[in-house]
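Indexing begins at 1, ligand by ligand and atom by atom, following the structure's order. Worth knowing before you read on, the calculation uses all heavy atoms, side chains too, and leaves out hydrogens, waters and symmetry mates.
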Amino acid sequence: MNRMEMHFDARIENEAFARTVAASFIAPLNPTMDELIEVKTIISEAVANAIIHGYNGQSEGQVYLRLETLDHELHIEVEDYGVGIQDINQACQPLYTTRQDLERSGMGMTIMDSLSDQMQIESIPEQGTKLVISKRFKHGSDSQA
Ligand SMILES: Nc1ncnc2c1ncn2[C@@H]1O[C@H](COP(=O)(O)OP(=O)(O)OP(=O)(O)O)[C@@H](O)[C@H]1O
Ligand SMILES: [Mg+2]
């Protein structure tokens with residue numbers, strides 16, 4: 001088992017930072033290129049949502065990223081203490097977005113779900129949102145187990 005946790009300001013440049021950290025963290029599991037891209041995509045979508053929607057431009061907000069690897073499985077948590085989601089089912093519909101003005105496509109939740117083995121969303125309006133995702137690696141070996 002290996003675990004990490006970090007938090008960072010809700011600034012959009014930290015989306016790339018978070019996805020790079022995740023890619024480094026899972027390297028010992030020897031993911032395939034596809035798996036690596038999938039994990040980076042999940043982290044990018046989740047962190048972008050926390051920054052853009054959760055904190056809505058309030059860059060002093062903190063985004064929490066927690067990763068845990070166990071054998072061939074990765075556990076991801078991305079949490080914000082922002083505005084929260086009023087209707088989680090609606091938020092997960094393909095093409096649903098509350099930020100058409102920013103030309104968001106409303107596909108982030110759908111993409112994350114399709115790249116994950118399991119995805120749970122916990123959210124309370126005015127309190128924040130937590131995404132809990134697990135993903136199994138089909139190839140590779142955990143040299144640190
Ligand atoms: N962390 C969050 N806090 C508050 N609202 C959120 C959060 N994440 C998602 N949402 C809401 O769910 C909607 C759908 O999210 P989703 O990621 O699918 O699409 P999007 O972010 O609008 O567009 P895209 O991800 O394609 O750029 C968002 O428009 C927003 O209203
Ligand atoms: Mg999104």
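Ranking protein heavy atoms by distance to atom 22 (O) of ligand 1, first place goes to Thr97 OG1, 2.5 Å. Of the protein's non-hydrogen atoms, the one nearest atom 24 (P) of ligand 1 is Gly106 N, 3.6 Å. For atom 29 (O) of ligand 1, the nearest protein heavy atom (residue, atom name, distance) is Thr98 N, 2.9 Å. The protein non-hydrogen atom at the shortest distance from atom 15 (O) of ligand 1 is Met109 CG, 3.7 Å. Atom 8 (N) of ligand 1 has Asn49 CB, 3.3 Å as its closest protein atom, hydrogens excluded (heavy atom only).
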If you apply the rule side chain to side chain contact (heavy atoms under 4.5 Å, CB included), what do you find for Ile76 with Leu131, and how did you get there? CA-CA 8 Å; Ile76 302 168; Leu131 250 73; over 6 Å; no
For residues 18-27, tabulate all N or O donor-acceptor pairs below 3.5 Å that involve a side-chain atom, not counting sequence neighbours.
from	atom 1	to	atom 2	distance (Å)
Arg19	NH1	Ser44	OG	3.0
Thr20	OG1	Ala16	O	2.8
Ser24	OG	Thr20	O	3.1

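Remark: ligand 1 and Asp80 share an N or O pair separated by less than 3.5 Å (distance only, no angle test). Checking only distances, Gly108 does come within under 3.5 Å of ligand 1, N or O to N or O. Residue Thr110 places no N or O, backbone or side chain, under 3.5 Å from any N or O of ligand 1.
Between the side chains of Arg104 and Asn49, not a single donor N or O lies within less than 3.5 Å of an accepting N or O. Checking Asp9 against Gln62 by side-chain atom types alone, a donor-acceptor pair falls below 3.5 Å.
Counting heavy atoms of neighbouring residues, nucleotides and ligands inside a 6.0 Å radius, atom CD of Glu103 does not exceed 12 of them.
Listed by chain and number, the protein atoms of type N/O/S under 2.8 Å from the Mg ion (ligand 2) are Asn49 OD1; waters are omitted.
For atom 11 (C) of ligand 1, the choice among Ser44, Gly128, Ala91, Ser105 with the nearest heavy atom turns out to be Ala91. Counting heavy atoms only, His53 comes closest to atom 7 (C) of ligand 1 of the residues Glu79, Lys130, His53. Here the shortest heavy-atom distance to atom 27 (O) of ligand 1, taken over Arg104, Gln90, Glu45, Met107, belongs to Arg104.
In terms of the side chain to side chain donor-acceptor pair (under 3.5 Å) criterion, Glu73 has no residue partners (sequence neighbours excluded).
Across every non-hydrogen atom of Ala46 and Val78, the tightest pair is CB-CG2, 3.8 Å. Nearest heavy atom pair, residue Pro94 against residue Thr110, reads CA-OG1, 3.5 Å.
Annotation for ligand 1: atoms under 4.0 Å from non-hydrogen atoms of Thr129 are 1 (N), 2 (C), 3 (N). Counting atoms of ligand 1 from 1 in the listed order, those under 4.0 Å from a heavy atom of Gly84 are 4 (C), 5 (N). Of all atoms in ligand 1, listed by their number and element, those nearer than 4.0 Å to a heavy atom of Tyr96 are 14 (C), 19 (O).
One hydrophobic cluster holds both Leu115 and Met119 under the rule that ILVMFWY side chains link at heavy-atom gaps under 4.5 Å. Linking Ile, Leu, Val, Met, Phe, Trp and Tyr residues whenever their side-chain heavy atoms come within less than 4.5 Å leaves Val63 and Ile124 in two separate clusters.
Distance check: Ile12 CD1 to Tyr55 OH gives 13.5 Å after rounding to the nearest 0.5 Å. Atom NZ of Lys135 sits about 9.0 Å away from atom CG of Leu74, to the nearest 0.5 Å.
Counting only residues at least two apart or in different chains, ring-ring contact (aromatic ring centres under 6.0 Å, His included) contacts with residues 80-116 comprise Tyr64-Tyr81.
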